[in-house]
Participant: 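Once you've had a glance at the structure underneath, I'll fire off some questions.
Within every chain, numbering begins at 1; the chains are lettered A, B, ... in the order of the sequence lines, protein sequences first and strands thereafter. What you see is a predicted model, and the numbers here were worked out from it, not measured in a lab.
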2 protein chains.
Amino acid sequence: MVVQVKHDCKIELHKVALKATPARLATLKVLEAASKPLDVATIKSKLKKDGINADPATIFRMMNSFSDKGLVREINLQESKLRYEYSAKEDHHHLLCESCGSIEDISDCNIETWEKELREKKGFMIKHHSLEFFGLCKNCQKLI
Amino acid sequence: MVVQVKHDCKIELHKVALKATPARLATLKVLEAASKPLDVATIKSKLKKDGINADPATIFRMMNSFSDKGLVREINLQESKLRYEYSAKEDHHHLLCESCGSIEDISDCNIETWEKELREKKGFMIKHHSLEFFGLCKNCQKLI
DNA sequence: TGACAAATGCAACACTCTTGCATATATTAA
DNA sequence: TTAATATATGCAAGAGTGTTGCATTTGTCA
């Protein structure tokens, strides 16, 4: 049985005016198959297994254009690097283990209830969380 | 009138077994006076105005030890660098303008209600937010 | 005041990410 | 099917943040 590809990556790329190169198609498949957001080094090594040797600069450039076009989400997990996630996946938050680095998805949204539930249901011991809003202040909205 | 220093930084440092050097005392004062979390470059330039020329490496080391001892909070605002905030200040979240880079404090805690309120009361247009939890998964709690 | 542990400056380095430029390739129109 | 062109890629250099080793300096405490 062949693994089912849910999205036609070639069409997706053309929709957003990006060329469907082998590296891009393979990268989208890698991200689609991933169970957690991937960093550039990981993407590179997964591509290598598919026989594609992509330069890190190329992967960074891909991630930037995919991110601009909305094909991937940039995920900042308070590390020194960014991770990337396939946009077609439902948006969600992440639960990180500071000890083993495991990353778990969570998808409802009530922060205080959450913390209790996460403790009770998943046994995850929360030490802290990060919540930041990004957007435009009153003043800057006028200027744009 | 002399600016009132709310916390005796020398005593604070001794409490956590850190030596009270001029650079450290000045840095804590700078952070105490700051209205938003500061990055290392900013701390360096503010120290310089106080006549203290500290090496960036020294400031990074200070921030790490202060952070370990709980004197400052490390703030990751999805930039390529970290910021630091005086711990004695009440814990809160931040509101960032993607356009002008202004940073505003916010201190209650209900994410959905928040977004509406922030839009209505402050006129801030939220484009997205980041919410991540950090701690120990069930498995790792056993190991420690 | 003297001894010792800790802090600092400096230089080198690691890591993530970006950029310039020459080359290669996907796409489009003929 | 091919030729023209805009775009993507590889490679090398470089920017920015943060770390580390080591020699020197400086707080602290006896």
Participant: B:L47 has an atom CG; how far is it from atom P of C:dT8, in whole Å?
Facilitator: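 Distance, rounded to whole Å: 11 Å.
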
Participant: Please check the phosphate of C:dT18 (OP1 and OP2 only) for any side-chain N or O of A:N64 closer than 4.0 Å.
Facilitator: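 Yes, because at least one side-chain N or O of A:N64 sits under 4.0 Å from OP1 or OP2 of C:dT18.
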
Participant: How many Å lie between NZ on B:K81 and C1' on C:dC15, as a whole number?
Facilitator: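 Those two atoms, NZ and C1', are 18 Å apart.
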
Participant: Name the closest nucleotide to the A:T58 side chain, picking from C:dT8, D:dG10, C:dT27.
Facilitator: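 For the A:T58 side chain, the nearest candidate turns out to be D:dG10.
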
Participant: Send over the distance from A:H14 NE2 to C:dT25 C1', rounded to a whole Å.
Facilitator: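 About 12 Å, once rounded to whole Å.
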
Participant: So, is B:T21 close to the C:dT8 phosphate, meaning a side-chain N or O under 4.0 Å from OP1 or OP2?
Facilitator: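 So the side-chain polar atoms of B:T21 do come within 4.0 Å of the phosphate oxygens OP1 or OP2 of C:dT8, strictly under.
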
Participant: To the nearest Å, give me how far apart CD (B:E74) and C1' (D:dG18) are.
Facilitator: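 After rounding, the reported distance stands at 11 Å.
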
Participant: Taking C-beta and beyond as the side chain, do B:V40 and B:K81 meet within less than 4.5 Å on heavy atoms?
Facilitator: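 Of all side-chain heavy-atom pairs linking B:K81 with B:V40, none is under 4.5 Å.
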
Participant: Spell out yes or no: do the side chain of A:R61 and the base of D:dG10 have one donor N/O and one acceptor N/O closer than 3.5 Å?
Facilitator: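 Side chain to base: pair found, below 3.5 Å.
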
Participant: B:K19 or B:A57: which one's nearest nucleotide on DNA chain D is closer to the 5' end?
Facilitator: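 Closer to the 5' end of DNA chain D: B:A57.
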
Participant: With a 4.0 Å cut-off on heavy atoms, is A:D39 in touch with a base, just the backbone sugar-phosphate, or nothing at all?
Facilitator: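 A:D39: no heavy atom of the nucleic acid under 4.0 Å.
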
Participant: What's the spacing between B:T27 OG1 and B:M62 CE if we round to 0.5 Å?
Facilitator: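 If we round to the nearest 0.5 Å, B:T27:OG1 and B:M62:CE are 3.5 Å apart.
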
Participant: Can you figure out which of C:dT8, C:dC17, D:dG18 approaches the side chain of B:F60 most closely?
Facilitator: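 Out of C:dT8, C:dC17, D:dG18, the nucleotide with an atom closest to B:F60's side chain is D:dG18.
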
Participant: Could you tell me if the side chain of A:F66 sits less than 4.5 Å from the side chain of A:V16, heavy atoms only?
Facilitator: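 Counting from C-beta outward, A:V16 and A:F66 never come under 4.5 Å.
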
Participant: Between atom CG in B:L13 and atom C1' in D:dG27, what is the gap in whole Å?
Facilitator: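 The distance from CG of B:L13 to C1' of D:dG27 comes to 12 Å, rounded to the nearest Å.
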
Participant: Closest-nucleotide mapping onto DNA chain D: is B:L18 or A:L18 further toward the 5' terminus? I mean the 5' end.
Facilitator: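 The residue closer to the strand's 5' end, by nearest nucleotide, is A:L18.
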
Participant: From CE of A:M63 over to P of C:dT19, roughly how many Å is that when rounded to an integer?
Facilitator: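 Atom-to-atom, A:M63 to C:dT19, this comes out as 17 Å.
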
Participant: When you compare the side chains of B:D68 and B:S65, does any donor N or O come within less than 3.5 Å of an acceptor on the partner?
Facilitator: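 No, no side-chain donor-acceptor contact under 3.5 Å.
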
Participant: Give a yes or no on whether A:K46 atom NZ has more than 12 heavy-atom contacts from other residues, nucleotides or ligands under 6.0 Å away.
Facilitator: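 Not more than 12 within 6.0 Å, no.
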
Participant: Can you tell me the distance, in whole Å, between the CE atom of A:M62 and the P atom of C:dA26?
Facilitator: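 Taking atom P of C:dA26 as the reference, CE of A:M62 is at 14 Å.
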
Participant: Measure from CZ on A:R24 to C1' on C:dA26 and round the result to the nearest Å.
Facilitator: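 It is 10 Å, rounded to the nearest whole Å.
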
Participant: From the set D:dG27, C:dG9, C:dT27, return the single nucleotide nearest to any side-chain atom of A:A20.
Facilitator: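 Nearest to the side-chain atoms of A:A20, counting from C-beta on, is C:dT27.
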
Participant: Nearest to the B:A54 side chain among C:dC17, C:dG9, D:dG18, which nucleotide is it?
Facilitator: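 Given the options C:dC17, C:dG9, D:dG18, the side chain of B:A54 is closest to C:dG9.
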
